[in-house]
Amino acid sequence: MHWSDVIAERLAQGGNDHIIATGITPSGEFHIGHLREILTGDMITRAAQRAGLNAELVFVVDNADPLRKVYPFLDASYEEFIGHQLGAIPAPDKDGKPDWERFENEGWSYGDHFLAPFLEALKQIGVEPRLIPNLTSYREGNFASSAKKACDDPGAIREIIERVSGRELPKDWFPWQPLDSKGSLDGLTITGYEYPFVMWTDQYGESGQSDITKGEGKLPWRLDWPAKWGFNNITCEPFGKDHGAAGGSFATGVEIAAFFGHEPPQSLVYEWISLRGKGAMSSSTGNTVGPIEALRLVPPEILRLLIANSKPNKAIEFDTGMGLVNLADEYERLSSRDFAEELSSDELSRRQRVQIEDAQAALRLSMVSAGEQAEATSVSFRHLALLAQIKPNDDGIWSSLKESGAISGPSSVLSDRLTRMRAWIESKHFPEEMRIVILNQPDEEALSGLDDEQRKVIPHIAAEMESAEWTAEGITQAFKNAALHAEAPMRTMYRACYAMFMGSERGPRLAPILANCIREDVCMLARACSARLS
RNA sequence: GGGCCUGUAGCUCAGUCAGGUAGAGCGUCGGACUUUUAAUCCGAUGGUCGCGGGUUCGAACCCCGUCAGGCCCGCCA
């Protein structure tokens, strides 16, 4: 059974109505790792809906969290906002400076700035969750009841956190963080509590009171999370392994939720995504691939497959090079399979059956719109990568594919894929081994690997190139002439060609590629090869 | 110190929850297609399932131990 169905089955035991939650702090640029959070939630939601449950995906935007530090992409002036809530400070402009104008006129905040492009990417990838801005939840008083319980009995909360997490809380710890006179959550001292007010003094010597029913502060993370489960009616939440460690925030959250008087959600811990060879992604080190950037290269369904086809506890190494080619070809293979037919065989072992069912579920979850049928394009990623490099314009590709009988016409899926393919080829991520390169000087090693028969053709090829009509057809004719004059079979001739022009033993059809090269360059290379052997 | 995950074919990984003859893709090698879009098709190759014990008629799978790698335990998906 697919992992999403396993969770859906568990949810079904707990009732019919479910809210699956995901949550991210918009402290910097979003990356592929965040996509796992959302997609994991999305896939659970789809599985639950398929199982007949009433399920909704929500995305809690943790914009009540404070800015922790001045990240490298921020101007030094952000120093004054450290400790301030992400939804309550201006967004950085293109120079990393606070954009006060937009903040004051439109309320465009730091959190909005980073959230917006991520939401755009989510839309492309077929995920449109209901948004719950956490700062708004505070201001509307949704945290009031939990906050009251915690402030009424700080000892009980302290006991839970200290026992479960095994760490000791400071003596002056209090389960509410007020905003100080400048709007920061840092450096305050709690001086008293009388519902609904928490009294404080800040580092500037100012003092005041914070109304816990109006969002004049926030709950510390370990309370914030379980409180949200309650008023948002969360029944299921996937989260990263960082929260899942023993004594981590989920463990304390379970008990704190009970103290608040509600059930914790069904949990699912997932592993992180790292960049191949570069370690974990992190916004602050700049070691990221953004969802937008990824979508420029990869069709959304293939990005979805990456998540759907990996069990949540499996660490994923995101590879924008060859790994992507393999993933895309895997998608092609899956979409051309007839699962119903495979499953109808009664000679399947339990294992085989499970494998087929999982592949089927993974493909289904990869669709951008739920319920859509996968469409096999019958053109592999590899093949398309070749064509895109050989043919400068798209029409040439379609007619070539039509000629070979692969397609009857360009489908929208395919032309969309081609657009991304071209972006990929131009990006730094495109793998060298896929890149078609015509040599500019003879490759000694390749030439010396030829036998006498093959060498014999080279001068003829060089000669024919000089006079060939410079089109794919003309060059093909020149090749034939060369073989004819050398009295060699075409196979031998081609072997010599690849050694001459690409330094390899085999390759893609040469004539169309050469036709797109500058004639004089090709002729010079051919003459040089010929001279090298004489 | 506490905890989690991973270890299966040259590579990437399924398979472990419900024990029942070791799987897929890629790669490699060979062949076909009588001249090739790294194509396609067919075939072959390939594993003491990290290691040691235990339970069992039977263990990759369950239990105990052990080694190795990665990670979490202020914040982070």
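Order of the sequence lines fixes the chain letters, A, B, ..., with proteins taken first and strands second; residue numbering starts at 1 for each chain.
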**Student:** Just how far, in rounded Å, is C1' of B:U12 from CG of A:Leu324?
**Tutor:**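 These atoms are roughly 14 Å apart.
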**Student:** B:U6, B:C76, B:C26: which one has an atom nearest the side-chain heavy atoms of A:Arg333?
**Tutor:**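 Selected nucleotide: B:C26.
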**Student:** Which pairs pass salt bridge (charged side-chain N to carboxylate O under 4.0 Å, His left out) with one or both residues in residues 480-490 of chain A, sequence neighbours excluded?
**Tutor:**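 Qualifying pairs: none.
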**Student:** A:Tyr270 near the nucleic acid: base, sugar-phosphate alone, or nothing, with a heavy-atom cut-off under 4.0 Å?
**Tutor:**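 Base, at least one base heavy atom under 4.0 Å.
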**Student:** Hey, which of these two, A:Ser310 or A:Gly247, hits RNA chain B nearer its 5' end, going by closest nucleotide?
**Tutor:**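 Nearest nucleotide further toward 5': that of A:Ser310.
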**Student:** Distance check, P atoms only: B:C26 and B:C42, in whole angstrom units.
**Tutor:**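 Per the computed distance, 11 Å lies between those P atoms.
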**Student:** With respect to the side chain of A:His383, which nucleotide from B:A38, B:C13, B:A77 is positioned closest?
**Tutor:**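 My answer, after comparing the listed nucleotides, is B:A38.
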**Student:** Heavy atoms only, 4.0 Å cut-off, all strands: where does A:Gly23 land among base, sugar-phosphate and nothing?
**Tutor:**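 If one applies the 4.0 Å heavy-atom cut-off, A:Gly23 turns out to touch the sugar-phosphate alone, with no base involved.
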**Student:** Assign A:Ser165 to base, sugar-phosphate, or nothing according to its heavy-atom contacts below 4.0 angstrom with the strands shown.
**Tutor:**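 No contact at all - A:Ser165 keeps every heavy atom at 4.0 Å or more from the nucleic acid.
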**Student:** Please enumerate all residues that pass side chain to side chain donor-acceptor pair (under 3.5 Å) together with A:Glu37, with sequence neighbours excluded.
**Tutor:**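 Result, side chain to side chain donor-acceptor pair (under 3.5 Å) vs A:Glu37: A:Tyr270.
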**Student:** Can you name the one residue among A:Ile7, A:Leu57, A:Leu39 that meets side-chain contact (heavy atoms from CB on, under 4.5 Å) with A:Ile44?
**Tutor:**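 Checked A:Ile7, A:Leu57, A:Leu39 against A:Ile44; only one passes side-chain contact (heavy atoms from CB on, under 4.5 Å): A:Ile7.
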**Student:** Taking salt bridge (charged side-chain N to carboxylate O under 4.0 Å, His left out) as the definition, give me every residue that meets it alongside A:Arg435, ordered by chain and number, with sequence neighbours left out.
**Tutor:**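 Checked A:Arg435 against salt bridge (charged side-chain N to carboxylate O under 4.0 Å, His left out); matches are A:Glu432.
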**Student:** Mind checking if A:Ile24 touches a base, just sugar-phosphate, or nothing, with heavy atoms under 4.0 Å?
**Tutor:**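 Answer is sugar-phosphate: A:Ile24 comes under 4.0 Å of backbone atoms only.
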**Student:** Do the ring planes of A:Phe59 and A:Phe30 sit parallel (below 30°), tilted (30 to 60°) or perpendicular (above 60°)?
**Tutor:**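 Perpendicular: the ring planes of A:Phe59 and A:Phe30 meet at over 60°.
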**Student:** Looking only at atom C1', what distance separates B:G47 and B:C33, rounded to whole Å?
**Tutor:**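 Result for the C1' pair: 33 Å, nearest Å.
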**Student:** For A:Ile390 and B:A39, what is the distance between atoms CD1 and P respectively, to the nearest whole Å?
**Tutor:**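 It is 12 Å, rounded to the nearest whole Å.
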**Student:** Of all of residues 235-242 of chain A, which get a heavy atom below 4.0 angstrom from RNA chain B, listed by number?
**Tutor:**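 Residues of residues 235-242 of chain A that come under 4.0 Å of RNA chain B are, in numerical order, A:Phe239, A:Gly240, A:Lys241, A:Asp242.
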**Student:** What is the distance, to the nearest angstrom, from the CD1 atom on A:Ile438 to the C1' atom on B:A38?
**Tutor:**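 One finds 13 Å between C1' of B:A38 and CD1 of A:Ile438, rounded.
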**Student:** Expressed as a whole number of angstroms, how long is the span from A:Leu386:CG to B:U40:P?
**Tutor:**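 That distance rounds to 10 Å.
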**Student:** Distance check needed: B:U12 P versus A:Leu327 CG, whole Å only.
**Tutor:**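 One finds 16 Å between P of B:U12 and CG of A:Leu327, rounded.
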**Student:** Provide, to the nearest angstrom, the distance between the CZ atom belonging to A:Arg167 and the C1' atom belonging to B:G1.
**Tutor:**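 For the pair A:Arg167 CZ and B:G1 C1', the rounded distance is 16 Å.
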**Student:** Polar atoms only, N or O, under 3.5 Å: list the protein pairs with nucleotides 15-22 of chain B and their distances.
**Tutor:**
unit_1	atom_1	unit_2	atom_2	d
B:G15	OP1	A:Lys311	NZ	3.2
B:G15	OP2	A:Lys311	NZ	3.2
B:G20	OP1	A:Arg351	NH2	2.9

**Student:** Using the P atom in both, what is the distance from B:C29 to B:G19, to the nearest Å?
**Tutor:**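 Result for the P pair: 42 Å, nearest Å.
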**Student:** Quick one: A:Trp221 CH2 to B:A77 C1', roughly how many Å, whole number?
**Tutor:**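 That distance rounds to 10 Å.
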**Student:** Which of the following nucleotides, B:G27, B:U37, B:C76, is nearest to the side chain of A:Arg382?
**Tutor:**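 Closest nucleotide to the A:Arg382 side chain: B:G27.
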**Student:** Here's one to test your reading of the geometry: is the NZ or CZ of A:Lys218 within 45 degrees of the ring axis of A:Trp176 and under 6.0 Å from its centre?
**Tutor:**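 No cation-pi geometry.
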**Student:** For A:Ala499, enumerate each residue passing the side-chain contact (heavy atoms from CB on, under 4.5 Å) test, keeping only those at least two apart in sequence or located in another chain.
**Tutor:**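 Counting only residues at least two positions away or on another chain, A:Ala499 forms a side-chain contact (heavy atoms from CB on, under 4.5 Å) with A:Ala446, A:Leu447, A:Leu450.
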**Student:** Taking the P atom of each, how far is B:G52 from B:C57, in whole Å?
**Tutor:**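 My reading of the P atoms in B:G52 and B:C57 gives 23 Å.
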**Student:** Verify the contact: side-chain N or O of A:Asn313 to OP1 or OP2 of B:C4, cut-off strictly under 4.0 Å; return yes or no.
**Tutor:**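 Indeed not, no polar side-chain atom of A:Asn313 lies that close.
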**Student:** Taking Watson-Crick (N1-N3 plus N6-O4 or O6-N4) and G-U wobble (N1-O2, O6-N3), each under 3.5 Å, can you produce the dot-bracket string of RNA chain B? Use [ ] for crossing pairs and | for inter-strand ones.
**Tutor:** ((((((((.[[[[.)....(..]]]]((((((.......))))))....[[[[[..)....]]]]])))))))....
**Student:** With a 6.0 Å cut-off on the ring centroids, do A:Phe479 and A:Tyr494 count as close?
**Tutor:**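 Yes - the distance between ring centres of A:Phe479 and A:Tyr494 falls below the 6.0 Å cut-off.
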**Student:** Is it true that a side-chain atom of A:Ser184 and a backbone atom of A:Asp186 form a donor plus acceptor pair closer than 3.5 Å?
**Tutor:**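 Such a contact is found between A:Ser184 side chain and A:Asp186 backbone.
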**Student:** Could you pull out all residues at least two apart from A:Asp42 that satisfy side chain to side chain donor-acceptor pair (under 3.5 Å)?
**Tutor:**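 Only A:Arg304 meet the side chain to side chain donor-acceptor pair (under 3.5 Å) criterion with A:Asp42.
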**Student:** Could you give the CG-to-P distance, from A:Leu185 to B:C75, as a whole number of Å?
**Tutor:**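 Spelled out: CG on A:Leu185 to P on B:C75 is 15 Å.
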**Student:** Under 3.5 Å, which protein N or O atoms sit close to an N or O of nucleotides 31-36 of chain B? Give each pair with its distance.
**Tutor:**
unit_1	atom_1	unit_2	atom_2	d
B:U36	O2	A:Tyr498	OH	3.4
B:U36	O2	A:Gly507	O	3.1

**Student:** Rounding to an integer number of angstrom, what distance separates B:C76 and B:G58 when you compare their P atoms?
**Tutor:**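 Between the two P atoms, the distance is 50 Å.
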**Student:** Tell me which donor-acceptor pairs under 3.5 Å the side chains of residues 114-130 of chain A have, and how far apart each pair is, sequence neighbours excluded?
**Tutor:**
unit_1	atom_1	unit_2	atom_2	d
A:Arg130	NE	A:Glu56	OE1	3.4
A:Arg130	NE	A:Glu56	OE2	2.8
A:Arg130	NH2	A:Glu56	OE1	3.1

**Student:** Restricting to side-chain contact (heavy atoms from CB on, under 4.5 Å), what partner residues turn up for A:Pro410, sequence neighbours left out?
**Tutor:**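 A:Trp398.
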**Student:** Between B:C11 and B:G46, how far is it from one C1' atom to the other, in whole Å?
**Tutor:**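 Those two atoms are separated by 12 Å.
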**Student:** Would you please classify the geometry between the A:His485 ring and the A:His460 ring as parallel, tilted or perpendicular, with 30° and 60° separating the classes?
**Tutor:**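 It falls in the tilted class, 30° to 60°.
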**Student:** Expressed as a whole number of Å, how far does the C1' atom of B:C61 sit from that of B:G23?
**Tutor:**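 It comes out at 15 Å once rounded to the nearest Å.
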**Student:** Is A:Arg158 salt-bridged to A:Glu168, cutoff N-O under 4.0 Å?
**Tutor:**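 No, A:Arg158 and A:Glu168 are not salt-bridged.
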**Student:** Quick one: does A:Arg68's side chain get under 4.5 Å of A:Ile82's, heavy atoms only?
**Tutor:**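 Side chain of A:Arg68 against side chain of A:Ile82, heavy atoms only: no contact under 4.5 Å found.
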**Student:** Can you name the side chain to side chain donor-acceptor pair (under 3.5 Å) partners of A:Trp225, sequence neighbours left out?
**Tutor:**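 A:Glu237.
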**Student:** Check every strand shown and say whether A:Arg68 touches a base, only sugar-phosphate, or nothing at a heavy-atom separation below 4.0 Å.
**Tutor:**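 The answer is sugar-phosphate, as A:Arg68 gets under 4.0 Å only of primed atoms, P, OP1 or OP2.
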**Student:** Please report the distance separating the P of B:U48 from the corresponding atom of B:G3, rounded so that it comes out in whole Å.
**Tutor:**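 Looking at atom P only, B:U48 and B:G3 are 34 Å apart.
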